[in-house]
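The structure appears right after this line, and notes come after that.
We're numbering straight along the sequence, starting at 1.
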Amino acid sequence: MIEIVLWLIAFAAIVFFCYSRWESSVSRGVDKMLPAVMKSHGDNRLVWSLALGVLGATTLVRPVDILLTVILIGIVALVGKKLAGWAMDRANFH
């Protein structure tokens, strides 16, 4: 029960600060990391604030889970990249 309460408090604080400081700092930081298609254009301010709130609260309450998930995604991406490179080398485009 304590973990849920801590998560909710962290989530509410992160969403509040992201939403209230969107124009001054958060929007620029999000836009630097995203490709042009996904850049924030004002209408998705609430969606990005909620997403950052979920990720931030989960990272604060259960950091090991987030770390293991990032490591797993990295391994899968590396294997996928190597497999795609191998397949492109073996393909005959004539």
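Around CD1 of I4, the count of heavy atoms belonging to other residues, nucleotides or ligands within 6.0 Å does not exceed 12. Within a 6.0 Å sphere centred on CD1 of I2, heavy atoms belonging to other residues, nucleotides or ligands number 12 at most.
Taking hydrophobic clusters as Ile, Leu, Val, Met, Phe, Trp and Tyr residues chained together by side-chain heavy-atom distances below 4.5 Å, L50 does not share a cluster with F17. Transitive grouping of hydrophobic side chains (ILVMFWY, heavy atoms separated by less than 4.5 Å) keeps V30 and F16 in distinct clusters.
Remark: the backbone N or O of Y19 is paired with a side-chain donor or acceptor of R45 at under 3.5 angstrom.
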Criterion side chain to side chain contact (heavy atoms under 4.5 Å, CB included) on I14 and L60, from CA distance to verdict = CA-CA 11 Å; I14 292 170; L60 288 173; 4.2 Å; yes
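Here L67 contributes atom CG and R62 contributes atom CZ; the two are 13.0 Å apart, rounded to the nearest 0.5 Å.
In terms of heavy-atom proximity, L52 sits nearest to V26 at CD1-CG1, 3.9 Å. When every heavy atom of V15 is checked against every heavy atom of G53, the shortest pair comes out as CG2-CA, 3.9 Å.
You'll find the side chain of F11 stays beyond 4.5 Å of the side chain of T58, heavy atoms only. Within the 4.5 Å cutoff, no side-chain heavy atoms of C18 are placed close to those of W48.
Considering only residues two or more places apart in sequence or on other chains, R21 meets the salt bridge (Lys or Arg N to Asp or Glu O under 4.0 Å) condition with none of them.
Between R28 and E23 no salt bridge is recorded (no basic side-chain N to carboxylate O distance below 4.0 Å).
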